[in-house]
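Note that the numbering runs from 1 along the sequence shown for the chain.
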Amino acid sequence: MAKVLIAGGGIAGTVTAIALHETGHEPVIHEAYDRTAEGVGAFLTLAVNGLDALAPLGLKDLVKDLGFDTPRIKMRLGNGRELADLALGGRLEDGTTSQTVLRSDLYIGLRDEAVRRGIEVRYGKRLADARETASGVLATFEDGSSAEGDLLIGADGLRSRVRTIIDPRAPSPRYVPLLNTGGLAKGLRLDDEPGVMHMTFGKRLFFAHVVHPDGGVWWFANVPRKHADLPEMGTWREDLIRELAVDRTPAVEIVRATREIYRPWATYDFPSVPTWRTDRMVIIGDAAHATSPAAGQGAAMAVEDAVTLARCLRDVPSIPKALAAYEGLRRERVEAVVERGKRNGDAKAVGPIGRVIRDFFLTRAFKNPPKEDPNAFMWQHRIEWEAPVS
């Protein structure tokens, strides 16, 4: 049994802790924020490959209880022309489809389940530094405390401290020229079928919305922006409405019915992080391979990382070899997902001339779709939990 220090108590860190606990290890989560930060975040759609990876840990039904089915996607142009009506990521054998859930609900649900299983969570523990020792690793935190363990896992996100400890020359995240925003609208009566994601390649913005089974409307928008500077919130609502009004969608009505619009945040990804590990430290999730939301795989990749790392630490006899096995199983796949997310997102950040070209090629592509879905490799992936890792 190894004592495992986990930096970061988000989705990646918490699922990793649960998976390690299931395999007999002793994980301790060190979360940088206080518990009062647990309401942070918008919503996400967890793809079926992520849900399948959660099943052996007894977590799939927990997620399904928190979210709602999102089995289909309808895509349109800003002029109202429908491009496609597609399955959103397929189904599992039991009929499970992608699930849309508030990030904070998912975080709290997973955290509470970890605590219920006896996993320790320490709050207000922002990692300052770490070093390998003769027997393991010593981590120090900004509050002056420290902790020792056999292994340090960096599940500390895009601005990972563990990543820079492992490799001080690690690359910075790549800015994808899009801002993200969104919200939850109430009091509307749309004719849309609940659970069907409607996505519009608008003349100026990319806009998506889905009707919750309770009648509320969850939405997000991607706003092209050459630089990562964030706008002032005072005029943000009207700025969005002005940009969305040029399209034939219910977007303006939805934004007006939203009490609180999410503060915009910039989009980043990592094409490749050269160094993921040392003998006693490793990075997972966004710390190793943040991907554009256009892939629809950020949360699922974090879950896959967690389960794969736990399998390697369960089956491979030494920690350094287990970490090497983990990287060998994950690197090629996650870098392909990052690349696919970048390609999917590029169609959202175009100028007026680029939009005309984009709309032409989108229309032609969906009129004559390829025999095989180029995104299928992402959601068709399955992890055999019981299969030993050599």
Any donor and acceptor pair, going by atom type alone, linking the side chain of R204 with main-chain N or O of L240 inside 3.5 Å? no
Looking at R343, I'd like to know if its CZ atom is crowded, meaning that more than 12 non-hydrogen atoms belonging to other residues, nucleotides or ligands lie closer than 6.0 Å. no
T14 side chain vs I11 backbone, donor-acceptor pair below 3.5 Å: no
Where do A295 and N344 come nearest, in terms of heavy atoms and distance? CA-ND2, 4.3 Å
Between the side chains of D239 and R242, is the shortest nitrogen-to-carboxylate-oxygen separation below 4.0 Å, so that they form an ion pair? yes
Going by an N to O cut-off under 4.0 Å, is there a salt bridge joining E335 and R333? no
Think R314 forms a cation-pi with W385, using NZ or CZ under 6.0 Å from the six-ring centre and within 45 degrees of its axis? yes
Within the 4.5 Å heavy-atom criterion, are T97 and L88 side-chain neighbours or not? no
Before we go on, tell me: are the rings of Y33 and Y123 under 6.0 Å apart, centre to centre? no
Are V217 and V210 close enough, and set up right, to give a side-chain contact (heavy atoms from CB on, under 4.5 Å), and what steps lead you there? CA-CA 6 Å; V217 181; V210 58; over 6 Å; no
Quick one: does T258's side chain have a donor or acceptor within less than 3.5 Å of a partner on E260's backbone? no
Row check, F377 ring normal vs R340 NZ/CZ: under 6.0 Å, within 45°: no
Could you give the distance from CG (L184) to CH2 (W219), rounded to the nearest 0.5 Å? 9.5 Å
Are F68 and W218 close enough that their ring centres sit under 6.0 Å apart? yes
Would you say the side chain of K74 lies within less than 4.5 Å of the side chain of M199, judging by non-hydrogen atoms? no
Determine, step by step, whether N79 and R81 satisfy the side-chain contact (heavy atoms from CB on, under 4.5 Å) criterion, reporting the C-alpha distance in whole Å, the side-chain angles of both residues, the deciding distance to 0.1 Å, and the verdict. CA-CA 6 Å; N79 61 13; R81 179 171 183 169; 3.2 Å; yes
If the threshold is 4.0 Å, N to carboxylate O, is there a salt bridge linking R116 and E113? yes
Counting N and O atoms only, with roles assigned by atom type, does the side chain of R91 sit under 3.5 Å from a partner on the main chain of G95, one being a donor and the other an acceptor? yes
How close do P231 and L179 get, counting heavy atoms only, and between which atoms? CD-CD1, 3.6 Å
Looking at E132 and R280, does any basic side-chain N land under 4.0 Å from a carboxylate oxygen? no
Hey, is the main chain of P71 close enough, under 3.5 Å, to the side chain of D69 for a donor-acceptor pair? no
Minimal non-hydrogen separation, A306 against V15, with atom names: CB-CG1, 3.7 Å
Does the side-chain contact (heavy atoms from CB on, under 4.5 Å) test come out yes or no for V282 and Y326, once each step is laid out? CA-CA 10 Å; V282 67; Y326 159 75; 3.9 Å; yes
Just by modelled atom types, is the V28 backbone N or O under 3.5 Å from a matching donor or acceptor in the R122 side chain? no
Does a salt bridge link K125 with E31, judged by any charged N lying under 4.0 Å from a carboxylate O? no
Do the side chains of L151 and L313 get nearer than 4.5 Å, heavy atoms only? yes
Is a side-chain N or O of R237 found less than 3.5 angstrom from the main chain of V255, in a donor-acceptor match? yes
Donor-acceptor pair, D167 side chain versus P274 backbone, under 3.5 Å? no
Taking the side chain as C-beta and beyond, is there a heavy-atom pair between L309 and L323 under 4.5 Å? yes
Measure the shortest side-chain to side-chain distance between R72 and M197 over non-hydrogen atoms and say whether it is less than 4.5 angstrom. no
Answer yes or no: are there more than 12 heavy-atom neighbours, outside R382 itself, under 6.0 Å from its atom CZ? yes
Assess whether atom CZ of R117 is packed by more than 12 heavy atoms of other residues, nucleotides or ligands within 6.0 Å. yes
Any donor and acceptor pair, going by atom type alone, linking the side chain of T308 with main-chain N or O of D305 inside 3.5 Å? no
How about R225 and L178: do any of their side-chain heavy atoms sit closer than 4.5 Å? no
So that I can tick it off, tell me whether K60 and D94 are bridged by a salt bridge, with the cut-off set at under 4.0 angstrom between side-chain N and carboxylate O. yes
salt_bridge(R355, D359) N-O dist < 4.0 Å: yes
Would you check if D85 and I73 make a side-chain contact, meaning some heavy-atom pair closer than 4.5 Å? no
Is a side-chain donor or acceptor of T96 paired with a backbone partner of L92 at a separation under 3.5 angstrom? no
So, for I261 and M233, which heavy atoms are closest and what is the spacing to 0.1 Å? O-CE, 3.8 Å
Can you find a pair of side-chain heavy atoms, one from T16 and one from P27, that are under 4.5 Å apart? no
Between K3 and D150, does at least one N-O distance fall below 4.0 Å, as a salt bridge requires? no
